[in-house]
Protein chains: 2
Amino acid sequence: MARTTGSDGEKTEAAIREAAVELIARYGYEAVSMRQLAAEVGVQAAALYRYFPTKEDLLFSLMHEHMDALLGAWNDARPATSDPTTRLIAYVTNHIAFHIERRPSTHISNMELRSLSPERLTQVLKLRTAYEKELRTILREGSEDGSFTIEDTGLTAMALIQMMTGVIVWFRPGERLSVAGVTETYLSMTMRLVGRLVGATTSREQNHVHTRAELRA
Amino acid sequence: MARTTGSDGEKTEAAIREAAVELIARYGYEAVSMRQLAAEVGVQAAALYRYFPTKEDLLFSLMHEHMDALLGAWNDARPATSDPTTRLIAYVTNHIAFHIERRPSTHISNMELRSLSPERLTQVLKLRTAYEKELRTILREGSEDGSFTIEDTGLTAMALIQMMTGVIVWFRPGERLSVAGVTETYLSMTMRLVGRLVGATTSREQNHVHTRAELRA
DNA sequence: GAATTAATTGAACGTTCGTTTTATTATTTC
DNA sequence: GAAATAATAAAACGAACGTTCAATTAATTC
């Protein structure tokens, strides 16, 4: 056989991407063979090469798309306001929502960096750095205008990102916690980390005030 | 040739472990071949099979040893005292020191779990859970006796571990920060996360008080 | 110093890998 | 409806993979 009835390049490419994200996230880039991927798509291995010249091109494409989507989501969610607290809330909320929604591709972008060629690694890391810089800027400005009390802005940013991204390790939708609940708790922990605690009220009450309400400001 | 002069089983096995930890941490388990590993050790691939029946046996052995060492280190470092704050300080200090010291094997134990058979995965996860439970217990007891103010003990424990382990992603010895400095800052952030802030003093002053002093109590 | 055991080599096994090539069929164009 | 193009299958490539086996030499035992 050759071309199959109803075959369509765009649909096939989308199917390849989808299957690749799931398989690579589950088994790892090196462990997934082109034949296994092709079987999942319902196609022969050779067909994959019409869309991606090499296996690494496929990986790079998935990662690049992931980072673009992350930066795009933040661009859509970032508030016009310049109030650091509002911006931090938006950042955390967007980060958690995005990473829960895109758990498989997040896994890939975090774990498979070492399978990229040096040039492509640099390219992906540049996007990641740009995204992280947004948080550092928020923390620094909030620190300067007295909104936050932070010892080390760089370290706090890394700790925050590490903490937030860690959500994908244990979070399973439909279990004990909802996305909103998780976000609420992580916002609370974030505010503690940046020193935005004033006094004696419990943190539960404190953080119920921001979040959803302030997010859409 | 066959047996080489000066060859010694114990030394060879140690050399294999050492090389395997470095190579797998850098390139990933699937990406490292037995031949590549053997070359690094200075031996033929077949020689590896005298010490590890399969490649997966080797991986499992490395991970198991890592977890044993982690639990062992905590057992040595855990204070006799029952004061939650002192225990938390000891836990954080030990965790950061251990993970900086064992960055390669930490990487492996965090990233290569999916390459283990189900039974062995369970075995390793059991050790990890035991280690994490220690932290949850500290947080819970500190929460009960009023030392800490925590919304969700389980989530805070996960956030803390994620945050602390994240140190190995960016920390390079001999750069801007010393191990002591990093530990200081992370202790400060930890105390904030568990709600052990009282009032208006800056966090720098606050956390300089604990750490080194309280650690050896 | 002969016999035994420990450690390793070198070659080979069958399998799977990423990738290429060629042929074939479906779809689109005119 | 013929010509051109797009999408795939089928088969094959050499290379590399994890692993096994027999032969060989070093060290140890008695």
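Every chain is numbered from 1 and lettered A, B, ... according to where its sequence line falls, protein lines coming before strand lines.
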Any non-hydrogen side-chain atom of I150(A) less than 4.5 Å from a side-chain atom of L193(A)?
no

Pairs under 3.5 Å (N/O, protein and nucleotides 11-16 of chain D):
| residue | atom | partner | partner atom | Å |
| --- | --- | --- | --- | --- |
| dA12(D) | N6 | R35(A) | NH2 | 3.4 |

Distance, rounded to the nearest Å, where I24(B) contributes CD1 and dG18(D) contributes P:
11 Å

Between H64(A) and F60(A), what is the ring plane arrangement, given parallel below 30°, perpendicular above 60°, and tilted in between?
perpendicular

Find the distance between OG1 (T156(A)) and CE (M163(A)) and round it off to the nearest 0.5 Å.
11.0 Å

Do S61(A) and R17(A) have side-chain atoms, one donor and one acceptor, less than 3.5 Å apart?
yes

Tell me the interatomic distance from E13(A), atom CD, to dA6(D), atom P, rounded to whole angstroms.
15 Å

Within the pair T12(A) and dT8(D), is there a side-chain N or O less than 4.0 Å away from OP1 or OP2?
yes

From F98(A), W74(A), Y91(A), residue fulfilling ring pair (Phe, Tyr, Trp, His ring centres under 6.0 Å) relative to Y131(A):
Y91(A)

Starting at atom NZ of K11(A), determine the distance to atom P of dA7(D), rounded to an integer number of angstrom.
12 Å

Closest approach to the side chain of R50(B), judged atom by atom: which nucleotide of dG18(D), dA7(C), dA6(D) is it?
dA7(C)

Nearest-Å distance, OH (Y51(B)) to C1' (dT9(C))?
13 Å

To the nearest angstrom, how far is E30(B) atom CD from dG18(D) atom P?
9 Å

End axis versus end axis in the helix from dG1(C)-dC30(D) to dC30(C)-dG1(D), the angle rounded to 10°, five pairs used at each terminus:
10°

Are the side chains of V124(A) and R128(A) in contact, using a 4.5 Å heavy-atom criterion?
no

Rounded to whole Å, NZ of K55(B) lies from P of dG18(D) at a distance of 4 Å

What is the distance, to the nearest angstrom, from the CG atom on D57(A) to the C1' atom on dG18(C)?
12 Å

Side chains of I24(A) and L37(A): does their closest heavy-atom pair fall under 4.5 Å?
no

At 4.0 Å (heavy atoms only), tell me whether F52(B) reaches a base, stays on the sugar-phosphate, or touches nothing.
nothing

Residue among V179(B), T183(B), T190(B) satisfying side-chain contact (heavy atoms from CB on, under 4.5 Å) with T93(B)
T183(B)

Among dT19(D), dT8(D), dG10(C), the one nearest any side-chain atom of Q44(B) is dG10(C)

Categorize V41(B) for me: base, sugar-phosphate, or nothing, with a 4.0 angstrom heavy-atom threshold over every strand shown.
nothing

Answer whether the closest heavy-atom distance between the side chains of E134(A) and T137(A) falls below 4.5 Å.
no

Roughly, in whole Å, what's the span from CG in L37(B) to C1' in dT19(D)?
14 Å

Nearest to the side chain of Y49(B), which nucleotide is it out of dA9(D), dT8(C), dT20(D)?
dT20(D)

